*Asks:* 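Can you keep this structure in mind? I'll have questions shortly.
Just the heavy atoms: all of them, side chains too, but no hydrogens, waters or symmetry mates, feed the values below. Keep in mind the model is a prediction, meaning the values are calculated, not measured.
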Amino acid sequence: MRWSPHPLTLRQLQYALAVAEHRSFRRAAAACRVAQPSLSAQIAQLEDALGVNLFERDRRRVLVTSAGAPLLERMRRLVAETDDLVDAAVRARDPFAGTLRIGVIPTVAPYLLPEIAPAVRAAYPKLSVVWLEDKTRVLRDLLATGEIDAAIVASESDLGDVELAPLGQDPFVLAAPAGHPLSKPKRLARMDELAAAKVLLLDDGHCLRDQALALCQRVGADEASVRATSLSTLVQMVAGGDSVTLLPALAIPIENRSGALSLRRFAPRAPYRTLALAFRRGSPLESALQHLAATLRSAYQRATTAPPI
């Protein structure tokens, strides 16, 4: 531990990270709410203190240097740790005051947020929650850098080194267009029936695609050449075509409200995903987030009480 004064400040690190994110001194200054000459001067001081040029500059663009990239990554961690320190002090006074930033994956957000957001407001009236919808890999990175505090994700995804508080299981349901051979049987569906069908899936980047694709590959099912960008699009494509898909039960009340799809539950040992609240290991908010997860778990159970089909 060094006890002599450091030649740099946290504010300088924030300025540098803003420039790295926006690739512009002007936009970084606006984001930091500071005059551009002041921001430029502070970054120049930071580069002098480090003895490293963090950025390449010209009139058209700003680039991160090869020497600056690893230093900026360490700056992100330092600033995230500092944010956690400040949050920990706030939570020490009141663990459910202030603001929480929580990510939600797109295959959950429109179906679960209407149920859980009011439950959170009722349980924690002094807490402000900012919800951010994005794909798993984006939320994982935002969580690692401290830009969000937690995320509602599928625990089967590649999430890195995080803690998980399970919220509940979301079973998959076989969805087919009217008249399709797999729409007729009244019995429970089996995964091996998919071997004779074309299966439509979401586009790359959705964790639901990865989970459904792994299930299809296990039974030798063929993926259709067309992919959907959202569950709503996926439902419309299946309803108007000759392919089938796997839908999470959570989405069915909204996505099949018109009854355009024929739905079949799977036999026992049905495929499913596990929804969970993920947060950084060692987060100072861990205790509060565990309490929040219990509230989310109860709200999730209420949202999934009614059978989807």
Side-chain angles (χ1 to χ4, degrees), residues 5-91 97-106 109-110 113 117 120-121 126-153 160 205 229 278-280 283-285:
H6 286 292
L8 50 86
T9 67
L10 282 170
R11 193 57 176 157
Q12 290 172 338
L13 303 189
Q14 290 175 316
Y15 289 162
L17 292 173
V19 172
E21 178 179 342
H22 293 283
R23 293 294 195 269
S24 163
F25 279 71
R26 178 180 57 81
R27 291 194 294 271
C32 295
R33 298 182 180 180
V34 65
Q36 182 176 334
S38 177
L39 178 138
S40 298
Q42 289 295 316
I43 289 180
Q45 290 180 21
L46 175 62
E47 289 178 322
D48 287 343
L50 295 174
V52 173
N53 287 329
L54 301 173
F55 305 105
E56 294 179 16
R57 310 155 170 88
D58 61 34
R59 291 184 178 180
R60 294 182 295 110
R61 61 182 181 176
V62 175
L63 297 176
V64 175
T65 65
S66 58
L71 296 178
L72 285 162
E73 186 56 40
R74 295 188 70 172
M75 292 179 199
R76 287 189 186 91
R77 293 197 294 269
L78 282 170
V79 171
E81 287 289 337
T82 304
D83 290 342
D84 281 347
L85 173 64
V86 174
D87 288 341
V90 173
R91 295 307 189 278
T99 301
L100 277 180
R101 301 149 297 173
I102 303 179
V104 192
I105 54 176
L113 281 184
V120 171
R121 287 196 300 271
K126 293 191 289 183
L127 179 66
S128 174
V129 178
V130 176
W131 303 98
L132 172 66
E133 180 182 349
D134 218 318
K135 295 178 181 178
T136 300
R137 65 170 180 266
V138 175
L139 297 181
R140 178 190 61 203
D141 294 343
L142 293 176
L143 193 57
T145 58
E147 293 176 71
I148 59 175
D149 301 299
I152 298 175
V153 294
T229 57
F279 49 90
R280 289 185 298 282
S283 168
L285 304 177

*Asks:* Closest approach of Val52 and Gly68, non-hydrogen atoms and distance?
*Replies:* CG1-N, 4.4 Å

*Asks:* Among all residues two or more places apart in sequence or in another chain, which pass the side-chain contact (heavy atoms from CB on, under 4.5 Å) test with Glu147?
*Replies:* Leu142, Thr145

*Asks:* In Å and rounded to the nearest 0.5 Å, what is the OG1 to CD distance from Thr9 to Gln45?
*Replies:* 8.5 Å

*Asks:* For Ile148 versus Arg280, what's the shortest heavy-atom pair and its separation?
*Replies:* O-NH1, 2.9 Å

*Asks:* Please find the pair of heavy atoms, one from Ala18 and one from Cys32, that lie closest to each other, and give the distance.
*Replies:* CB-SG, 3.6 Å

*Asks:* Once you round to the nearest 0.5 Å, how far does CZ of Phe279 lie from CG of Leu143?
*Replies:* 9.5 Å

*Asks:* Taking only residues two or more places apart in sequence, or in another chain, which ones meet Gln14 in a side-chain contact (heavy atoms from CB on, under 4.5 Å)?
*Replies:* Arg11, Val79

*Asks:* Are any of the side-chain heavy atoms of Leu72 and Leu17 separated by less than 4.5 Å?
*Replies:* yes

*Asks:* Scan residues 21-32 for pairs that pass side chain to side chain donor-acceptor pair (under 3.5 Å), counting only residues two or more places apart or in two chains.
*Replies:* none

*Asks:* Return the CG to CG distance between Leu10 and Leu78, rounded to the nearest 0.5 Å.
*Replies:* 7.5 Å

*Asks:* For residues 61-82, pull every pair meeting side chain to side chain donor-acceptor pair (under 3.5 Å), keeping only residues two or more places apart or in separate chains.
*Replies:* Glu73-Arg76

*Asks:* Which residues pass the side-chain contact (heavy atoms from CB on, under 4.5 Å) test with Ala109, not counting sequence neighbours?
*Replies:* Val104, Leu113, Glu133

*Asks:* Taking only residues two or more places apart in sequence, or in another chain, which ones meet Arg57 in a side-chain contact (heavy atoms from CB on, under 4.5 Å)?
*Replies:* Phe25, Ile43, Glu47, Phe55

*Asks:* So how far is it from Leu71 CG to Leu13 CG, rounded to the nearest 0.5 Å?
*Replies:* 10.5 Å

*Asks:* Measure across Pro7 and Ala49 and return the closest heavy-atom pair with its distance rounded to 0.1 Å.
*Replies:* O-CB, 3.4 Å

*Asks:* Return the OG1 to CG distance between Thr136 and Asp141, rounded to the nearest 0.5 Å.
*Replies:* 11.0 Å

*Asks:* Please find the pair of heavy atoms, one from Met75 and one from Ala16, that lie closest to each other, and give the distance.
*Replies:* SD-CB, 4.1 Å

*Asks:* Roughly how far apart are Leu54 CG and Tyr15 OH, rounded to 0.5 Å?
*Replies:* 15.5 Å

*Asks:* Are the side chains of Val120 and Leu100 in contact, using a 4.5 Å heavy-atom criterion?
*Replies:* no

*Asks:* If you look at every heavy atom in Asp134 and Pro106, which pair is closest and at what distance?
*Replies:* O-CD, 3.1 Å

*Asks:* Could you tell me whether the side chain of Asp149 and the main chain of Ile102 form a donor-acceptor pair under 3.5 Å?
*Replies:* no

